[in-house]
Every structure is written in C-alpha cells, then in structure tokens.
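The figures that follow rest on heavy atoms only: side chains count, while hydrogens, waters and symmetry mates do not. Lettering of chains follows the sequences in order, A, B, ..., and the numbering in each one begins at 1.
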Amino acid sequence: MEAKQGANESIRFEFQNHIDQLNTAPEWWQTFKSQSFESYSNAPLPGRSDENWRFANRKGLSLDTFDFGPKNLPATTDSLVEQSDLTSAQSGRLVFADNQTLAYNQASQELQDKGVIWSSLQDALVHHSDLLKDYFMKQDIDLGSEKFAHLHSAFVANGALLYIPKGVEIEAPFCCYNWVDAQDGAIFPHMLVIAEEFSKVSIAEAHLSAGNEPALSCGVTHLFAGVGAKIDYTLIQNFNEQTLGFQINSNIAGKDSEVKMNSVNIGCHHYRSETHGQIKGSGAHVDMRSLALVDADQEIDQRTLQTHSAPHTTSNLLFKNALMQNAKTIFSGLIKVDECAQLTDAYQTNRNLLLSNTAEANSLPGLEIEANDVKCSHGATTSEIQDEEIFYMLARGIPKEAAQELIVYGFFEEILDCIKDGKLAETARIIIREKFKA
Amino acid sequence: MSATLEIKNLNVSIGDKQIIKDLNLTVPKGEVHAIMGPNGTGKSTLAKALAGHPDYQITSGDALMDGESLLDLEVDERSRAGLFLAFQYPMEIPGVSIANFIRAAKKARLPKGEDLNAPAFYKELYAMMDMLKIDRKFTARSINDGFSGGEKKRCEILQLAMLNPKYAILDETDSGLDIDALKVVSEGVNTLRGDHMGALIITHYQRLLDYIIPDAVHVMYDGRIVKSGDKDLALELEAKGYDWVKELASDAA
C-alpha cells in the first residue's frame, strides 16, 4: 500500500500533551478527541487511485514539518485584533491567533436575552457542553478529507459557536478571525452555526497569516439551518503562500430554509476545500459560491457535493477561478439527487479564466440523478481573455495590463456582488487587487 | 502643423486579401464627414485599421492625425493621442461597470500615479448621461452586458463625450437603432461637434444624415473613395441607389 499508515511519533506526542491539558473538559470531549486521533492515525493518506483526489498533488500533503504543540501568544496581538475589522457592522466578534482567543466581543444583551449564544469553543465546552455534544462534528465528511477531519477533531482547541433561537433575525454579521502566526504552526479553525426555525443570521469569517512563515490550517465549518431559517456565510481565506490549508465546509438545510455559502480564496501554497450542501428539507435552497485568484505555483483543489434528498429543493453552485503563472486549480463537483427528491432544480457552474499559458485548470463536473422529474445542469468552461475584449479596452486608451486587470475584477464581480456586507466585499476587492499588483 | 485627420494612399489587407486600396481622405478638425457605401466595401475595415486592430495590416500609405503618423502608435496610444472609434458591435464585458470602465480610460490619460477627482468625474458623467438620456442607474451596470442595440450605441457616444477626442470615427452607429434612439444619438453627436473635434461617420443609410448634417459626404466602393461632395450627395445616392456607385467606380477606374 502506497499510503503511509499511522501518525508519526511527534504528532502522537503532541496529541498526548494536548489531551493531558484537557483534564477539566467534559469526559465526552476527551473521549471524542482520543477516538478522533486514533481514527486519524489509522486512516491512510489519500492514495493515487482515490477518485476524490484525482489531479491533486498529494506530495504536498505531508504534515511532518508542522509543530502541533501549544504556542505563546503572538507579540503583535494588539495589531492583529485591530486588523480584525473587515465588516461594516458586527453582531459579535471572535479573534483567534494560533488557536488562542485574542478578543471576544459578545452579542448584545438584547440578543443574549433572546437566547442567542455567541461563544468561543473553549467557553462553550464549559457552558454549552450539551449543545456541542449534539452538534459538534455531526455532519458527514464525505469528499475525501476524512483523515484531515479526524486530525481537526483531535486537535481543535478553539473556534466559534453560534446558536440562534427560533424566530430571531439578526442583520449584522457575527465575525470570526483566525490568524496563524507561529512558524510551522498549526491552527484548527472551527465554526459551528445552529439556526433554529425561522431565524436569520449572517456570518463573516477570515483566515489570515500574521507573517510569512509556513503553517498549516485545518478548518471545519458546519451550518445547520432549521425550518425556514436563513444563513448567509462568507469565508475569506488569505493565508500567505507558504501555508498548507484544508477547509471542510458543510451545511444541512432543513425544510424551506435558505443557506448561502461564499468563499474567497487567495492564499496558501496548497489549499484543499470541500463543500457539501445537504439539502434535506423540502422547499430548501442552497447557494454555494467561490472565487479563487491564484498565481506562482499555488494549487487550489475544490471538491463539492450538492445532495438533494427532499422534493421541491433547489441549489445553485458557481465556482470561478482566475489563474496566473504556473498556478493550478481543480474543480470536482457532483450533484446528487435522491429518488425521492422530485422537482429538484440544481445547477453547477465552474468557470476558469487562464491568464497564462502555463496555468492549469482541471474541471470534473458530474451528475448522479435518481429522481425522474428534475431540472439539473452542469457546465464548466475554461477560457482565456478574448482578444476582442482587450482591443475594445485598448481602443479606449486603457493599457493592456490595466485592461486585463479590469476584466479579471469583472469576472469576479458576479461572486463579490453576493457578499452582503459592503465593507467585506470591498475588502475582498482590495485583496484581489493587491494580489494582482504583486 | 495641419489640424486634420489625413489618410494618404492607404492600403489595408486582412490576411492575403486587400480591402482598402490607395484610399485618400482628409477630415479637417471642426468638420463632420460621412462615408457611405454598400456593404463589404471596406468602410468598417478603414475604421478598425485606423484604430489599430491587429488583424488589419496597413501595407502602405499613412494616416496622420494633426500631422503625426498614427501608424507608429499602439492601439491604446492612438486613443490617448485623441482618436476615438465608436464600435459597430461594442464588446460586452461582464462585471466591469460603465463608471469603472470610463474611469479607467480617463485615468490612463493622467500622468502616472495621479488619480481622478471622483466627485468631478461623476458630475461630468451624470451630465453627459442626462444629455444622452441614459438612466443614471446604468453607471453600475456591466458595460454593454445585456444592453439593447440602442443602449450600446448611446453608451459608445457617452464614452466619446467623456473622452473628448480630437477625431472620432463612428462606425455604423445608426445600425440597430430605432428612430427614437437614432434621434438621441444624433442629438448627442450634434452637441459634441464643434471646432475642437473632427468626425468621420460611417453609414450605410442616408437617414442618419438627416439628423447629423455632414460638411462633406464621400462615397466608398471597393476600397476606394469614388466620389465626394456636400450633404446633397447623400440624397442623390439615396435616390439613385448603389448601382450608381458601381458606375461611378467603373468610370473612375
């Protein structure tokens, strides 16, 4: 067998240290973590014949160089907290660096009185252990990163818990910032959102590097939308290009609910993102959108699943990638419609814009439909900027480089337009522009 | 220095095919000239070749703007030097708003590092949009994306107005316009014409020239100007039809 069995000794040693420090945590938590570590150890690394890793560079997945031990607080704490300000408004904020809480802005007293819970995972283990027990890591991991999900469960030490009770509607987003600072450090961002019946909430999350050191991020976001609930989630990933990133996103959409997930991916040397929309209640709608701007020899590997298991459901996926230099992207998406999910509308679109002739965009769209009365479509296009578009802009006096830039910004607007918070969308535009200029 | 757009013995090919043949034409600044002619005669080729489209090779001759040859300039340099082409089929560019597009074009005309004064830019933009009866909401719309034919042409004239060129070439600006849009576009051009600008209007039909009265009309056939005259030539051409042009061409040959 090609894949390496077992975790290396230093990871096991660090895990032992990690679990030893949890002696005051709930027993279920300790058991869960120990079991997760064993599952991690026993799971093979992705193999060459693994369909979920097709086209991916598996050589870059070694975790041997990373330090899983606890870290001191970064020296630049104040500055990181200050920079953790990417939205026009906020209903609450958590700022983490190297898995430690740097800042915590509570939800307003009014929201707390209504029963809203906005808490760090560390606090939640003390005050909301039962809620965590019911919901923590309870969504299936089924797009290939099971091993890394187990690693996440074993080491996760912090994160955000957001619980919105029935009927509570909140406009301003809850914001969560995850920084990685230590050289070869490892962070495990976690976002758990539980939106009860007919509630409405939005969340903005950012994954960022404090410096230029290599690091590992292994994050999970799980959204639970109850009957008629509305969740709007945006993740901006702008790690430095030395970072190895895994991000496992999943949502469960209940009856008549509406879930929107937006991702902006700019950083990482190698980034693997998995997104699963589980459309489980009739009348539910799920949007999954992503943009990635990649250069140098970055690789962004995107796997998606839209599972429809109830009738009258809709989902819409749009992933747009722009590639420069020797960058590589993989989009592999599947729409799965169960036999009972009649009258489903499901769409999947992947668009890749090649800005260099050495960039490589792979696209593997797929459909698996067991119901007979559905509307599903998938499409993938990979193209270069059209000469006639450039000519039109040149004929207005816009120099070629500026013309290309404008076209790329325009290409991404379709996604950026869907980010509701104006400042967050503008931040994404600035990050994109800065990367283009670099 | 002569204030003219002067085309001298111009020959243009697309691939192996010669389209423009020893064409001579002079448009003095401050005048509006019209080129009329049947389809396939090289009118649009002339426009694109002057703008510098890479598919159109200028094999000999010259094109001078106020005495300076355009041929040494890149496409974007020609535009910044003061040449404007209103496209027959303007490109749709998704996600790039009209405001950002025109702003980028204006910014390209400023010294490096300098930025536009945003309030002044929008003031000018809105004034021009009002003049061309373009809804101000259009500023945020992607350029030409999903526009009707009339909207696209008005958007071209808006760019003309905002970029304030020395010479403008309007390539079949009337095609695809209904009578109301035609009037709006013509009013726009009439407002913009004046001593500061020369214009070359390329059209297949005489009707545009009912609204934009030209100082001179040139009839083009098979890559050459076969007859020039005043505005009445357009009416004569309308009355006699393009078969007359063929006779003129064979007389000239």
Quiz prompt | Residue pair B:F101 / B:Q159, side-chain heavy-atom distance below 4.5 Å | solution = yes

Practice problem: Below 4.5 Å from any heavy atom of chain B, which atoms of A:E414 appear? Answer side chain, backbone, both or neither. | Solution: neither

Quiz item: If you measure only the distance, is there a donor-acceptor pair under 3.5 Å linking the side chains of A:N262 and A:T234?
Solution: yes

Quiz item: Do B:K48 and B:V12 touch side chain to side chain, with heavy atoms closer than 4.5 Å?
Solution: no

Quiz item: A:F411 versus chain B, heavy atoms under 4.5 Å apart: side chain, backbone, both or neither?
Solution: backbone

Quiz item: Does the B:S79 side chain pair with the main chain of A:A395, one donor and one acceptor, at a distance under 3.5 Å?
Solution: yes

Quiz item: A:I431 and side-chain contact (heavy atoms from CB on, under 4.5 Å): which partner among A:I236, A:L86, A:L208?
Solution: A:I236

Quiz prompt | Side chain / backbone / both / neither for B:F84 at chain A, heavy atoms under 4.5 Å | solution = side chain

Practice problem: Go through the atoms of B:P165 and report whether side chain, backbone, both or neither lie under 4.5 Å from a heavy atom of chain A. | Solution: neither

Quiz item: If you tally heavy-atom pairs under 4.5 Å against chain B, which of A:K400, A:E413, A:M393, A:E405 wins?
Solution: A:M393

Self-check item: Any B:S175 side-chain heavy atom under 4.5 Å of B:K153 side chain
Solution: yes

Quiz item: Heavy-atom distance under 4.5 Å to chain A: side chain of B:E92, backbone, both or neither?
Solution: backbone

Practice problem: Below 4.5 Å from any heavy atom of chain A, which atoms of B:A86 appear? Answer side chain, backbone, both or neither. | Solution: backbone

